[in-house]
Amino acid sequence: MRNPTPTPERLYKFRSFSALSLDSIISDTIYLAKPATFNDPLDSQPIVENDLPVAALCALYRMLLRQRMWAEPRAPSSLLHAGALGSMASVGDFEKEVSRKVRGLLDYANYNRDVGETSEHSHIKALEQAIQQELLIREDRGVFSLTFCSVSILMWSHYGNQHQGVALGYSIPDTFPEDCRFKLVPMDYGGSRLLSTSIIQKMLSGDINAKNKVDQTAYQAKAEAWKYENEWRILGPAGEQGSPLELEEIVFGHRCPDHVRYAICTVLKTRSRKIEFSEITMPPHGFELIKVPFDPGQLETVFPRRGLDRYDDFSGV
């Protein structure tokens, strides 16, 4: 078994400067994006591979389908939640509809199977694809991507608005594990996207190790080409959320304009927990970026400006 990856003391989120990024800094929020919006189409796209008997595979699909349909507004469960008693007939109709969908899938696969392909093989392929789709439909979590390196020239170029943006440095508070809505995981570059149906079966039965294995395959496996990102991820409810991390540092890119630096430093001046400010400078030789402390006071002699001050200077002449 692979040894667990030690959690870095600080993780960084590279951002362009915008109204949205300024709002997240002021409000101390994070945004967990749905995987469908990622720039890598293979990211968070597990491939289901069967290792169960056909009958067990069919039962697995039926369970996933039933769970999703039961949660839909027209399901009998909605009648119960609304205060109506419901009837055995409505529940019976629901079960018939689940069976009809399963049978329809198998019949269609059998009708469209390749020449020389057995019915069993066509059923397995169809069920694998259907289970894969059900897993994607039912997953409502989002991802907040971070990295442990604040001086990566590629990260600044790709995600820091070509060195004009900022990197937000977060620490992991002791209270983080207590918030069960979020989960912090490292990426597994070159990891497998294959997810066996037996693991999914165990996950549905409540096996926590199987659940972690599904998360690892679905959210942590990524192509080796992305290894330069040194990515860690927070998994949690999709959308904007109050940050479960502690914002400790803001790093200004080498090309970050002075007015952006001033705006950020000024709005955080009265924050209850002080922020450490740093900036990226160019190396005297070689290609390794350098991070040094940044003093916000140096901007207070320049900003804010008033254009008419130049006339006032000569008013007494």
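Keep in mind the model is a prediction, meaning the values are calculated, not measured.
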Heavy atoms only: give me the nearest [X]-[Y] pair and the separation to one decimal.
X    : Y    : answer
Q241 : F182 : CB-CZ, 4.1 Å
D51  : S198 : OD2-OG, 2.7 Å
P46  : L136 : CD-CD2, 4.3 Å
N161 : S16  : CB-OG, 3.3 Å
H123 : L106 : NE2-O, 3.3 Å
I234 : P244 : CD1-CG, 4.4 Å

**Q.** E97 and R100 ion-paired at < 4.0 Å
**A.**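 Yes, charged N to carboxylate O under 4.0 Å.
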Q: Identify whether the distance between the nearest side-chain nitrogen and carboxylate oxygen of K222 and D40 falls below 4.0 Å.
A: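 So K222 does not pair with D40 through a salt bridge.
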When you group the ILVMFWY residues by side-chain heavy-atom contacts below 4.5 Å and let the links chain together, are [Y] and [X] in the same group?
X    : Y    : answer
M282 : I153 : yes
V166 : Y159 : no
I280 : L11  : no
Y61  : M63  : yes
I131 : W70  : yes

Flag the pair [X] / [Y] as yes when at least one side-chain heavy-atom distance between them is below 4.5 Å, and no otherwise.
X    : Y    : value
L289 : M155 : no
Y219 : R141 : yes
L32  : V143 : no
D258 : V302 : no
L168 : L146 : no
I264 : I275 : no
L135 : L195 : yes
Y228 : C149 : no

**Q.** Qualifying residue, where the test is salt bridge (Lys or Arg N to Asp or Glu O under 4.0 Å) with E249 and the options are K274, K291, R273
**A.**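 Exactly one option meets the salt bridge (Lys or Arg N to Asp or Glu O under 4.0 Å) with E249, and it is K291.
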Counting N and O atoms only, with roles assigned by atom type, does the side chain of [X] sit under 3.5 Å from a partner on the main chain of [Y], one being a donor and the other an acceptor?
X    : Y    : result
S171 : E9   : no
N230 : F148 : no
R181 : P237 : no
Q132 : V48  : yes
D114 : E117 : no
Y12  : V151 : no
S122 : S119 : yes
T147 : E229 : yes
R113 : N110 : yes
R62  : V102 : no

Other residues, nucleotides and ligands only: do more than 12 of their heavy atoms fall within 6.0 Å of [atom1] on [X]?
X    : atom1 : result
N112 : CG    : yes
F303 : CZ    : yes
E120 : CD    : no

**Q.** Aromatic centroids of F14 and W156 separated by under 6.0 Å
**A.**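 Here the rings of F14 and W156 have centres that are less than 6.0 Å from each other.
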**Q.** The single option from Q220, K183, R233 passing side chain to side chain donor-acceptor pair (under 3.5 Å) against D215
**A.**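 Filter result, single survivor: K183.
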Q | Straight-line distance of L204 CG to K211 NZ, nearest 0.5 Å | A |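 Here the interatomic distance stands at 10.5 Å.
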Q. Relative to F294, does R261 satisfy both conditions: NZ or CZ under 6.0 angstrom from the six-membered ring centre, and within 45 degrees of the ring's axis?
A.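 Yes, R261 sits over the ring of F294.
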Q) Think K13 forms a cation-pi with Y170, using NZ or CZ under 6.0 Å from the six-ring centre and within 45 degrees of its axis? A)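 Cation-pi check for K13 and Y170: fails.
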Q) Would you say the side chains of H163 and S157 form a donor-acceptor pair under 3.5 Å? A)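 Per modelled atom types, H163 and S157 side chains form a pair under 3.5 Å.
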